[in-house]
Engineer: 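Once you've had a glance at the structure underneath, I'll fire off some questions.
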Amino acid sequence: MLGYFGPPGTFTQQALLRINDGEETMPFDTVPLALNAVRQGVVRAALVPIENSVEGGVSATLDNLAGDDPLMIVREVVIPVAFVLCARPGTKLADVRKILTHPHAHAQTRDWLAKHVKGAHVTEGGSTAAAAEEVANPESRYQAAVCARVASDLYGLEVLADNIADNKHALTRFVLVARPGRPPAASGSDKTTLVAFMHADHPGALLEILEQFAGRGVNLCRIESRPTKKSLGDYCFSIDAEGHVLEPRMAEALKGLHRVCKKVSFLGSYPRADAVMPRIARGFTEEDFEDADRWLDSILGQ
Ligand SMILES: O=C(O)C(=O)Cc1ccccc1
């Protein structure tokens with residue numbers, strides 16, 4: 001059984017359709033509910049949104065994964081998202097005063113809505129599909145939802161305007177999260193996700209973290225500071241790096257982080273959705289690391 005950020009009709013469900021090989025699925029109304037279902041063994045794994053090319057990281061996901069009960073990302077899916085503005089049949093664009101949608105959908109359609117639905121008030125709710133479901137209720141105080149076309153169809157709404165994203169090339173990245181275990185084998189084109197917690201704030205703390213990657217030729221694809229929620233000003237770093245924990249340059253970088261950080265949560269090594277191969281500079285290939293190990297052994301007479 002696979003969980004996903006639902007209800008049916010979310011972009012997350014569309015992303016899950018791309019990777020699901022006939023396994024049963026179960027929707028959850030929030031990201032924490034979906035991830036806790038993984039922790040409790042209700043589902044084998046769950047798909048949740050993690051990053052958008054326009055809005056950045058999805059805080060609900062990053063913060064839950066950075067918490068005390070870490071899980072493991074085993075796969076990623078990246079899909080383009082297209083939004084529609086939809087309403088109960090018969091509603092005209094001029095009737096729309098109150099719109100309901102998800103915060104990331106609002107962020108990606110803000111300019112279009114301001115220009116074409118002047119004066120309308122946008123409320124941010126649980127998910128785009130939950131917004132469509134709410135708008136379908138004739139008693140709802142909202143006249144329209146911003147969601148996927150499939151959600152509009154699923155809840156019996158009518159599309160007032162199609163393709164309303166401000167940036168037509170936006171991509172959203174989703175991750176399939178399972179209970180911790182051995183990561184899938186290295187594919188050669190992988191990403192590793194982790195959260196680094198610093199010792200007490202001090203000059204150069206971030207540099208110490210970055211050095212661990214730079215010094216082993218590991219490229220970063222995302223780094224965000226997130227509050228630990230323990231006290232004001234206390235931050236951790238959520239990081240995606242190119243490579244797999246079973247590759248020596250990544251293993252060495254992770255060991256380096258473990259030495260200089262208060263805590264490192266390893267959140268998984270998994271194949272990149274775009275299958276882009278990393279460019280590994282001279283001195284950082286697997287052979288280079290093995291050669292260095294042999295050289296050291298020879299110095300020590302082993
Ligand atoms: O609300 C949804 O449908 C989601 O799956 C989250 C989301 C919202 C907006 C863009 C991409 C994903």
Side-chain angles (χ1 to χ4, degrees), residues 2-20 25-38 43 45-65 73 75-87 99-114 122-137 140 142 144-157 159 161-177 222 224 240 273-274:
L2 291 172
Y4 69 93
F5 174 50
T10 56
F11 290 105
T12 312
Q13 189 195 28
Q14 310 312 302
L16 185 57
L17 287 173
R18 299 245 179 147
I19 57 165
N20 188 12
T25 63
M26 189 186 276
F28 293 90
D29 283 344
T30 67
V31 167
L33 282 174
L35 295 179
N36 282 337
V38 179
V43 292
L47 194 73
V48 292
I50 191 166
E51 184 184 6
N52 180 275
S53 61
V54 174
E55 257 300 279
V58 177
S59 312
T61 301
L62 295 174
D63 292 354
N64 191 290
L65 292 177
I73 300 172
R75 191 158 181 188
E76 69 170 6
V77 191
V78 177
I79 59 164
V81 287
F83 302 98
V84 301
L85 180 73
C86 56
I99 301 171
L100 184 61
T101 193
H102 181 272
H104 271 236
H106 183 202
Q108 292 179 64
T109 54
R110 200 182 298 275
D111 295 346
W112 190 95
L113 292 173
V122 183
T123 302
E124 297 181 351
S127 71
T128 58
E133 191 176 23
E134 160 68 27
V135 167
N137 177 356
S140 175
Y142 302 100
V146 174
C147 58
R149 179 174 276 274
V150 286
S152 172
D153 294 347
L154 190 60
Y155 296 103
L157 302 178
V159 172
D162 199 358
N163 217 4
I164 65 169
D166 299 327
N167 178 336
K168 306 285 189 260
H169 307 293
L171 294 173
T172 302
R173 176 175 164 237
F174 301 83
V175 285
L176 186 66
V177 181
R222 182 183 62 84
E224 287 178 71
D240 291 339
D274 59 13

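Reckoned from all heavy atoms, side chains included, excluding hydrogens, waters and symmetry mates. Start at 1 and go down the list; that is how both ligands and their atoms are numbered.
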Engineer: Can you pull the residues with any heavy atom under 4.0 Å from ligand 1?
Structural biologist: F5, T10, F11, T12, H102, H104, A105, Q108, S127, T128, T172
Engineer: Scan for salt bridge (charged side-chain N to carboxylate O under 4.0 Å, His left out) pairs involving residues 45-54, sequence neighbours excluded, and state none if there are none.
Structural biologist: E51-R173
Engineer: Are D166 and R110 ion-paired here, with the side-chain N under 4.0 Å from a carboxylate O?
Structural biologist: no
Engineer: Is there a donor-acceptor contact under 3.5 Å from the side chain of T61 to the main chain of P49?
Structural biologist: yes
Engineer: For F83, what residues pass the ring-ring contact (aromatic ring centres under 6.0 Å, His included) criterion, not counting sequence neighbours?
Structural biologist: F11
Engineer: Keeping K168 on the side-chain end and N163 on the backbone end, is there a donor-acceptor pair under 3.5 Å?
Structural biologist: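 At least one qualifying donor-acceptor pair exists.
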Engineer: According to salt bridge (charged side-chain N to carboxylate O under 4.0 Å, His left out), who are the partners of E224, at least two apart in sequence or on a separate chain?
Structural biologist: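 Salt bridge (charged side-chain N to carboxylate O under 4.0 Å, His left out) check on E224 returns R222.
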